[in-house]
Structure formats: C-alpha cells, structure tokens
Amino acid sequence: MTTKYIFVTGGVVSGLGKGVTAASIGMMLKAKGLKVIAQKLDPYINMDPGTMSPYQHGEVFVTEDGAETDLDLGHYERFIDENLNKYSNLTTGKVYWNVLDNERKGVYNGETVQVIPHVTNEIKRFIYSVGKKIAADVVITEIGGTTGDIESLPFLEAIRQVSNEAGRENCLFLHVTLAPVISSSGEMKTKPTQHSVKELQSLGISPNLVVLRCNRHIDESARRKISMFCNVSPDCVIENRDVSLLYEAPIMLEESNFSQIVSRELGLDDNPPDLTLWKGMLEKAYARDKVVTIGLVGKYVKMYDTYLSIVEALTHAGIENGAKIDLRWIDAEQITPQSAPELLGGCDGIIVPGGFGDRGIEGMVCSARYCREHDLPYFGICLGMQIAVIDFARHVAGLSDANSREFDVESQNKVIDIMEGQIGYENTGGSMRLGAYECVIKENSTLSAAYGEKSIMERHRHRYEFNNAYRDLFEEKGLCICGTSPDGTLVEAVEISGKRFHLGVQYHPEFKSRPHRPHPLFVRFIAASLKNRQDTKGE
C-alpha cells in the first residue's frame, strides 16, 4: 500500500501530551494490522539530547542502533511496540550540521544554500527514511515545540511540502491544543484553539483533526464552535481528557472513535483495532490489590521525566505482580551512613539508575552498602551497577579508596575505568558505548532465572567499564560476574548470591520494557521487593 503520513503538531502551550497522543494512534493503527513507525522532530539546536541536562530535557532515550533521542520515543516504543531507529529523532542542530557538511563537500554544486529548499529537503529526507527499514504503512511524525515558535517554522514548512509530494489524501494533520476551563464560571474556552489553528493555517497547513487536552467532557456547543472556526467535521474534534493511568489514553481516545476517524481521513480499511492485549493489561492494572514501596536513589529527583523509562518499567512490573508502586524519590546527596536507616529503611526495594558526574555518588554507595548488609533488594542500572561494585570493593574486598576514574582520578584502585581508546575524551559527547550489545548470561544466576535465556541483547549508554584487573579478587570474595560480552572481556552484570535480590547491570533494561510485556528484571525485582515486604512487615 501507499505509505500514509500522520503529522502531530501542538498549540497554545507545551506539555499537552502530543507524544502520548501520537503513540496512542500508532498503537491503535498497529492493532488494526498496519506496520507503523514514529519519529520526533525537535526544533532545538543541540545535535541530540545526549549532552543536555536532564533537568532541561528529561531522560535520554537510546534506540537499538545507538541514537540518543528525545524521551517521547520511549512513549512510541512502549505503545507501538516497535524498535525505532536513528531516523526517529531529528533536531535543528543535526539538520544544519548535515546541510553545512553537504555544502563543504560540494553536494549542492555551488548553489546558494537556503532554508528552502536545502534545509526543508534535509528534513523531508529524514521523514521519508524512518519507515524504510520495516516498510511502514504509516509514518507518524510529531513536531516538537508549539505552533508559532520561530524555531519550528522549517519543520512545519517541510511537512507542508510532504503533503504536496505524497498527496494530500495520504497525509493527515492532527493538532493538539488546550481547552482551558475558567474556574470562576466553569466555562470551557475555545478561543486559544481557534487562534492556534489559525496560526497553523497561515503556514499552509489545515488540520484534519483537532485534539483537545481537557479535564472534562467537551460540551456540544464547544465542539460545534471549534468545528466551525477550525474548518473540521464535528466528529474530528477529539477529547483528550486527563487519565489516572497513562495507558488508559488510547482507550479514552477511542471513545471518540479516534482510530475509525483517522482511518476514514486517510482512506484506510475500517476494521476495528484488536485491543485484547492492551485491555487485558489494563484489567490487571485495575485489579492490583497490593502496594510495594520502592526507593529511587538518584541525583535528579525534582522531575518525573528525568527517570521516565525507569518509572514506567516499574509500573509495568507492578502490574505484572499485582502491585501498585509507591515510589519514593530519595536525593542521593542526603544519604549518609547515619541517615540511611531513616531514608531507606521504610522501602521494600531500592533502585539506583544511571547518571553522570560525581554529585551524590557517596550517598549512592551508602545505599548499596545498606541494601547489601540488610538484605534489602537492590537493583543497580548502569551507574547503579558501578556503585554496587565500588561498595563491594571498599567494604568487602578491603580496597578502602576504591572508586571510578570518573569520580576520582587519583584513586589507587579504579575498579571502574575508562574504555580503551577513550582516555582524554571523558567529557565530550559521542564517546560512549551506545545501542544494543549482546550479553552472555551465567547459569544458575539471578540474571539467568529472570531471562531464561543464555544470551540477550540490551541497550547501553556509558563510557566507563568494570576494571578486569579486579575480577579474580572480587569473584574470590563472593561477587558473581553473571553477565559478560560474548568474548568475556566486558562485564555486563554482577550480583551477590544468597540475597533476595542484589543485582547490577551495565545496560539499560528499562528501554525495552512494555506495559503488556514487562522487562523480566523489573518483574523479578518487584517480586523480590514484595517478598521482602511480606517477610518484614507481614503484608
């Protein structure tokens, strides 16, 4: 079939949930039997989010092929259950980098390089490229930012051109806006939406659907008004209400016949989506009758988005175990040997996620030690694995100054060290092990019990590794090297046997967890935490 294109734009304010809306329609179209891929076009000038502060941009989501991307790609993968690729995230910085590189190489044959056509052509190249790997039937493209922003203009112009080139019948424009309610009068206001759509129309784009983010049902008068002034059919005004669980969003949108209307507008078959798996997952979520308290010990604990995939993977595992996650955000800088019992003692399990820099490191080491000594389930991810190794080196192997080169270059026992060939590039971007790598699993280990496989592929984002010079000593002292690279040279996972759960992995399993197919390590961690709660609290 001819490839169809759906473009998702946003207006009025940012943070309306364009990503979840795009992911929801992708999930529903895939449930109709279509091959779907998604991408995000971001207007900022950074090459990618890789060197941006998590406080600025949230987590960095890594694809199988090693691209550092926007966190919305995590929503796409979790909802659509399709591995994305390097063409799934494009920034203004990357666009101009490629255009200027082409200009220097003489690709443009001495032409005057301009926004139109050279910049817009580069954007269109990415849009057309993302779906080629899986021969996608539908490509969903979300435009970052808010309509009216100067930096978004080249992207909006590019998608306008795509609609001409691919055919208007093969393209659908979906505009997400805010429908605020004035508290004093209780009236839902449509004027912000009208102005936003007018701004979009001035750029040559007329949306097929208007999706209203709101906290209540749209009354018919508001629907008719938006339909009239925004030039869309009344049933193309779609409610996007607040939901208590993120994964209810597709079902809520489907109350407005969302997938049927999208199919109609794009000339797709009108077969209903098979939502059996999704609804089954939601039924399990609604039936959760237990609670498990998980402490997330990190350095970025002021914003949910900084550890978005971790939080969602915990939610998935909680659903599988019939438990709601009581997540406690614990600032690593506040943890000391004296404060650890108070801050950690009330938790059923502790997770230490990835991160960079030395802030809060000693608090994380205290957390790993407390968990090891009190048999409190501990799950270390990336940096969290390295923290577990540092704790073991200091307090079990007797290497009191053990540390990572990243945190202390003067340490005589760098149990975590730089990857070969990267010395001198520690503080630069693009110098890490990124993307999916194979891990060979040791038999009769926690890792083996969780996966049930001899080898697995998991995504990485780091530059420091376990120092093999200490491998024999640590194994002699009781640290199990339970996962390695196929040639045995890189340590991928460590654990301490005889504990409820004390595991560290160098990779990021959270990126591959799905709501209806939770990651096995998270499932086992939550199960161990529930067992700890039962043993210690009798619940």
**Item:** Nearest-0.5 Å distance, CD of residue Glu492 to OG of residue Ser455
**Value:** 11.5 Å
Using a 3.5 Å cut-off and no angle test, enumerate the donor-acceptor pairs between side-chain atoms of residues 351-362 and protein atoms at least two apart in sequence or in another chain.
| residue | atom | partner | partner atom | Å |
| --- | --- | --- | --- | --- |
| Arg359 | NH1 | Lys299 | O | 3.2 |
| Arg359 | NH1 | Glu333 | OE1 | 3.0 |
| Arg359 | NH2 | Lys299 | O | 3.1 |
| Glu362 | OE1 | Arg394 | NH1 | 2.8 |
| Glu362 | OE2 | Arg394 | NH2 | 3.1 |

**Message:** Consider side chain to side chain donor-acceptor pair (under 3.5 Å). Of Arg500, His374, Lys537, which one does Asn532 pass it with?
**Reply:** Arg500
**Complete:** Correct closest heavy-atom pair for Leu174 and Val211 would be CD2-CG2, 3.5 Å
**Prompt:** Run the salt bridge (charged side-chain N to carboxylate O under 4.0 Å, His left out) check on Arg369 and Asp391 step by step: do they pass?
**Reply:** CA-CA 6 Å; Arg369 182 180 185 180; Asp391 162 54; 5.0 Å; no
**Message:** Show, in sequence, the C-alpha distance, side-chain angles and deciding distance for Arg533 and Asp535, and conclude whether the salt bridge (charged side-chain N to carboxylate O under 4.0 Å, His left out) test is met.
**Reply:** CA-CA 6 Å; Arg533 186 182 184 95; Asp535 292 346; over 6 Å; no
**Message:** Using every non-hydrogen atom in the two residues, find where Tyr300 and Trp329 come nearest and quote the distance to one decimal.
**Reply:** O-CZ3, 4.5 Å
**Asked** Taking 4.0 angstrom as the limit, do Arg463 and Glu406 come out as a salt bridge?
**Response** no
**Asked** Under 3.5 Å, is there a donor-acceptor pair between the Ser529 and Asp348 side chains?
**Response** no
**Item:** Salt bridge flag under 4.0 Å for residues Arg517 and Asp81
**Value:** yes
**Message:** For a side chain to side chain contact (heavy atoms under 4.5 Å, CB included) check, start with the C-alpha distance between Tyr437 and Tyr507, then their side-chain angles and the critical distance, and finish with the verdict.
**Reply:** CA-CA 9 Å; Tyr437 289 85; Tyr507 48 82; over 6 Å; no
**Asked** Is there a side-chain contact between Ile127 and Leu41, using heavy atoms and a 4.5 Å cut-off?
**Response** yes
**side chain to side chain contact (heavy atoms under 4.5 Å, CB included) between Met27 and Trp278, intermediate numbers included** = CA-CA 9 Å; Met27 184 275 283; Trp278 202 265; 3.7 Å; yes
**Message:** Please tell me whether Phe79 and Tyr247 form a close aromatic pair, meaning their ring centres lie under 6.0 Å apart.
**Reply:** yes
**Request:** For the pair His57 and Tyr44, name the ring-plane relationship: parallel under 30°, tilted 30 to 60°, perpendicular over 60°.
**Result:** perpendicular
**Request:** If a pair satisfies salt bridge (Lys or Arg N to Asp or Glu O under 4.0 Å) and one of its residues is in residues 475-485, list it, with sequence neighbours excluded.
**Result:** none
**Request:** Could you please spell out the steps behind the side chain to side chain contact (heavy atoms under 4.5 Å, CB included) verdict for Thr69 and Leu84?
**Result:** CA-CA 10 Å; Thr69 71; Leu84 304 181; over 6 Å; no
**Message:** My understanding is that only residues two or more places apart in sequence, or in another chain, count here; which of them pass side chain to side chain contact (heavy atoms under 4.5 Å, CB included) with Pro486?
**Reply:** Glu438, Val440
**Message:** Please identify which of these residues, Ile416, Ile390, Asp401, meets the side chain to side chain contact (heavy atoms under 4.5 Å, CB included) condition with Ser411.
**Reply:** Asp401
Residues 137-144 side chain polar contacts: donor-acceptor under 3.5 Å, at least two apart:
| residue | atom | partner | partner atom | Å |
| --- | --- | --- | --- | --- |
| Asp137 | OD2 | Lys35 | N | 2.9 |
| Thr141 | OG1 | Gln39 | OE1 | 2.8 |
| Glu142 | OE1 | Tyr76 | OH | 2.4 |

**Request:** Would you please test Val396 and Arg372 for side chain to side chain contact (heavy atoms under 4.5 Å, CB included) and show each step?
**Result:** CA-CA 10 Å; Val396 178; Arg372 178 177 49 78; 3.5 Å; yes
**Prompt:** Just checking, is any N or O donor in the side chain of Gln386 or Gln506 under 3.5 Å from an acceptor N or O on the other one?
**Reply:** yes
**Complete:** d(Ile387 CD1, Ser404 OG) to nearest 0.5 Å is 8.5 Å
**Prompt:** Are Phe525 and His519 close enough that their ring centers fall under 6.0 Å?
**Reply:** no
**Prompt:** Can a salt bridge be assigned to the pair Lys454 and Glu443 using a cut-off of 4.0 Å between side-chain N and carboxylate O?
**Reply:** no
**Request:** For the pair Phe511 and His508, name the ring-plane relationship: parallel under 30°, tilted 30 to 60°, perpendicular over 60°.
**Result:** parallel
**Message:** Give me the atom names and distance for the closest heavy-atom approach of Met385 to Val491.
**Reply:** CE-O, 4.4 Å
**Prompt:** If you measure from CD on Glu510 to CD on Glu458, what distance do you get to the nearest 0.5 Å?
**Reply:** 9.0 Å
**Request:** Give a yes or no on whether a salt bridge exists between Asp65 and Lys86, defined as a side-chain N under 4.0 angstrom from a carboxylate O.
**Result:** no
**Request:** Sequence neighbours left out, what passes side chain to side chain donor-acceptor pair (under 3.5 Å) with Ser309? Give chain and number order.
**Result:** Glu59, Arg78
**Message:** If you compare all heavy atoms of Ser497 against all heavy atoms of Cys480, which two are closest, and at what distance to 0.1 Å?
**Reply:** OG-CB, 4.3 Å
**Request:** Taking all heavy atoms of Met252 and all of Arg241, pick out the closest pair and write down the distance.
**Result:** CE-O, 3.2 Å
**Item:** Atom NZ of Lys133: over 12 foreign heavy atoms under 6.0 Å
**Value:** no
**Fill in**
Tightest non-hydrogen contact, residues Met28 and Pro250, listed as SD-O, 3.8 Å
**Prompt:** Does the side chain of Leu253 reach to within under 4.5 Å of the side chain of Glu239, using non-hydrogen atoms?
**Reply:** no
**Asked** Applying the side chain to side chain contact (heavy atoms under 4.5 Å, CB included) test to Leu296, which of Ile325, Leu327, Ile350 qualifies?
**Response** Leu327
Sequence neighbours excluded and cut-off under 3.5 Å, please list the side-chain donor-acceptor pairs for residues 280-288, or say none.
| residue | atom | partner | partner atom | Å |
| --- | --- | --- | --- | --- |
| Lys284 | NZ | Glu320 | OE1 | 2.9 |
| Tyr286 | OH | Glu248 | OE2 | 2.7 |
| Arg288 | NE | Ala285 | O | 2.8 |

**Item:** Spacing of NE2 belonging to His516 relative to CG belonging to Leu277, to within rounding of 0.5 Å
**Value:** 6.0 Å
**Asked** So do Arg213 and Asp242 actually touch side chain to side chain, heavy atoms under 4.5 Å?
**Response** yes
**Item:** Distance, nearest 0.5 Å, that separates CG of Asp42 from CG of Asp70
**Value:** 4.5 Å
**Asked** Can Lys512 and Glu64 be counted as an ion pair, charged N to O under 4.0 angstrom?
**Response** yes
**Prompt:** Any luck finding a side-chain donor-acceptor pair between Thr21 and Ser24 under 3.5 Å?
**Reply:** no
**Message:** Tell me if the NZ atom of Lys414 is crowded by more than 12 foreign heavy atoms within 6.0 Å.
**Reply:** yes
**Prompt:** Rounded to the nearest 0.5 Å, what separation is found between the CD1 atom of Ile37 and the CG atom of Asn85?
**Reply:** 5.5 Å
**Asked** According to the interplanar angle, ranging from 0 to 90°, do the rings of Phe379 and Phe501 count as parallel (below 30°), tilted (30 to 60°) or perpendicular (above 60°)?
**Response** perpendicular
**Lys32 with Asp269: basic N within carboxylate O range, under 4.0 Å** = no
**Prompt:** Between Asn83 and Arg459, is any side-chain donor less than 3.5 angstrom from a side-chain acceptor?
**Reply:** yes
**Message:** If the threshold is 4.0 Å, N to carboxylate O, is there a salt bridge linking Asp72 and Lys40?
**Reply:** yes
